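Quick notes on the structure that follows.
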Amino acid sequence: TSGEVTTGTGTGVLGDTKSLTTFLSGGDYYLYDTTRGQGIETYDGKNRQIIPGSFWTDADNQFNQEYDKAAVDAHYYAGVTYDYYKDVFNRDSYDNNGAKLVSTVHYGRDYNNAGWTGSQMVYGDGDGSTFTYLSGSLDVIGHELTHAVTDSTADLIYQNESGALNEAMSDVFGTLVEFHANNDPDWLMGEDIYTPGISGDALRSMADPTTSGDPDHYSDRYTGTADNGGVHTNSGIINKAAYLLSEGGTHYGVNVSGVGKDKMGDIFYRALTTYYTASTNFSQARAGTIQAATDLYGASSAEVQSVKDAFTSVGVN
Ligand SMILES: CCC(=O)Oc1c(C)cccc1C(=O)O
Ligand SMILES: [Ca+2]
Ligand SMILES: [Ca+2]
Ligand SMILES: [Zn+2]
């Protein structure tokens with residue numbers, strides 16, 4: 001369509017002001033960023049479970065209404081996540097071929113969920129108690145877009161151990177995006193949108209998964225069938241290993257020497273995109289992550305030793 005790249009101003013879910021890359025066409029300003037890959041497009045679900053919904057337009061390029069907040073953050077944070085994968089791993093969108101990033105906000109009614117549908121992101125508004133607009137947290141958008149990266153690479157089956165590994169990869173890179181952008185970063189997931197009436201809590205903690213009742217050791221894994229075999233629960237085991245690999249610590253008597261966030265990201269990115277496959281379980285993930293670290297730093301490197309120790313500390317051998 002003919003038109004021009006413009007810069008709008010918006011108010012995010014937390015009330016913060018941010019610049020948005022928009023597109024002026026036919027007198028309307030679209031939440032359409034043509035500067036990243038094949039584009040970033042944000043849609044209005046109008047509180048129906050219809051996707052993608054209506055391409056988001058605004059009359060004056062000022063996205064400062066209450067109803068705009070969810071769209072502002074979905075659009076802006078998709079750009080931040082695109083930039084992370086491009087700048088850090090030279091990956092052009094989730095398919096490494098510039099695939100369009102499509103988000104729908106105001107999806108459903110009081111919908112306490114966010115997700116990757118297999119072709120786009122969807123964000124509910126939350127019920128205002130458990131969640132506020134779910135696009136308001138950068139780590140959540142990084143989490144959802146990493147599902148797309150995973151589906152385009154390892155394609156980890158979304159159940160049992162491969163599913164928990166899938167979930168952990170999304171938590172790992174959702175968190176690393178937050179650190180890279182220096183967006184009030186932490187090892188918590190969804191803290192900006194979880195229970196708006198309560199401060200200091202989060203959906204999950206990578207540093208201590210037990211704070212949300214999730215396991216931090218393989219011996220405590222969930223073996224039931226709920227949540228596709230506990231994919232959002234057993235992810236805690238891998239999350240803890242990733243946290244320890246980055247930050248170091250002693251866990252169940254095992255000392256892990258931290259390698260830092262950048263190297264932890266490089267190791268898991270290479271493991272996810274080169275060694276993990278659809279059926280990779282935790283033990284196979286240990287092997288693949290060791291191999292990735294070996295490729296990057298050498299078999300007798302401190303980084304390889306830290307990977308071994310991190311997985312050993314959570315009972316994965
Ligand atoms: C941290 C992001 C996250 O976990 O999003 C989900 C929510 C809030 C509900 C159900 C599924 C997901 C998901 O993306 O796995
Ligand atoms: Ca406006
Ligand atoms: Ca966080
Ligand atoms: Zn997920």
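Start at 1 and go down the list; that is how both ligands and their atoms are numbered. The structure displayed is predicted, hence computed values, not measured ones. We count residues from 1, following the sequence as given.
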Over 60° means perpendicular and under 30° means parallel, so tell me whether [X] and [Y] are parallel, tilted or perpendicular.
X	Y	answer
Phe89	Tyr85	tilted
Tyr84	Phe173	tilted
Tyr32	Phe55	perpendicular

Gly190 backbone or side-chain N/O/S under 3.0 Å from the Ca ion (ligand 3):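 So Gly190 does not count as coordinating the Ca ion (ligand 3).
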Apex the Ca ion (ligand 3); atoms Glu178 OE2 and Glu191 OE1; angle rounded to 10 degrees: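 Taking the Ca ion (ligand 3) as the apex, I get 130° for this pair.
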Angle, OD2 of Asp139 through the Ca ion (ligand 3) to OD1 of Asp186 - 10° precision: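 So the angle at the metal works out to 160°.
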Closest to atom 12 (C) of ligand 1 among Ala114, Gly115, Gly142 (heavy-atom distance):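 The residue whose heavy atom sits nearest atom 12 (C) of ligand 1 is Ala114.
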Does [Y] offer a backbone N or O that forms a donor-acceptor pair with the side chain of [X] under 3.5 Å?
X	Y	answer
Asn234	Tyr222	yes
Thr22	Thr6	yes
Thr9	Gln62	no

May I ask you to list the atoms of ligand 1 that are less than 4.0 angstrom from any heavy atom of [X]?
X	result
Arg204	1 (C), 3 (C), 4 (O)
Glu167	15 (O)
His147	14 (O), 15 (O)
Met189	1 (C)
Tyr158	15 (O)

Heavy-atom gap Gly190 to ligand 1 smaller than 4.0 Å: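 Gly190: no contact with ligand 1 (<4.0 Å).
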Any Tyr123 heavy atom less than 4.0 Å from ligand 1: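 For ligand 1, residue contact (heavy atoms, under 4.0 Å) with Tyr123 is absent.
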Polar atom proximity, Asn112 to ligand 1 (N or O, under 3.5 Å):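 No, there is no polar N/O contact under 3.5 Å.
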Asp171, any N or O under 3.5 Å of ligand 1 N or O: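 In this structure, Asp171 places no N or O atom under 3.5 Å from an N or O of ligand 1.
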4.5 Å side-chain heavy-atom contact, Ser279 and Ser162: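 Of all side-chain heavy-atom pairs linking Ser162 with Ser279, none is under 4.5 Å.
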Quick test: of every protein heavy atom, which one is nearest to [atom], and how far off is it to 0.1 Å?
atom	result
atom 15 (O) of ligand 1	His232 NE2, 2.7 Å
atom 5 (O) of ligand 1	Glu144 OE2, 3.1 Å
atom 10 (C) of ligand 1	Asn113 OD1, 3.1 Å

Test applied, ring pair (Phe, Tyr, Trp, His ring centres under 6.0 Å); reference residue, Tyr243; option that passes from Trp187, Phe179, Phe268: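 Of Trp187, Phe179, Phe268, ring pair (Phe, Tyr, Trp, His ring centres under 6.0 Å) with Tyr243 is met by Trp187 alone.
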Greater than 12 external heavy atoms within 6.0 Å of Phe282's CZ: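 Yes.
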Lys NZ or Arg CZ of Lys69 over Tyr133 ring: under 6.0 Å, within 45°: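 Ring-cation test returns no.
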His143 atom (N/O/S) at minimal separation from the Zn ion (ligand 4):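 Restricting His143 to its N, O and S atoms, the minimum distance to the Zn ion (ligand 4) goes to NE2.
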Name, closest N/O/S atom of Glu167 to the Zn ion (ligand 4):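 Among the N, O or S atoms of Glu167, the one closest to the Zn ion (ligand 4) is OE2.
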Residue portion contacting ligand 1 (non-hydrogen atoms closer than 4.0 Å) for Leu134: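 The answer is the side chain.
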Region of Asp139 that comes within reach of ligand 1 [heavy atoms, distance under 4.0 Å]: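 Near ligand 1, Asp139 shows nothing, with every heavy atom at 4.0 Å or more.
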Salt bridge Asp295-Arg270, side-chain N to carboxylate O under 4.0 Å: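 Arg270 and Asp295: salt-bridged.
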Modelled atom types, side-chain donor and acceptor of Ser93 and Arg36, under 3.5 Å: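 Absent: no donor and acceptor within the cut-off.
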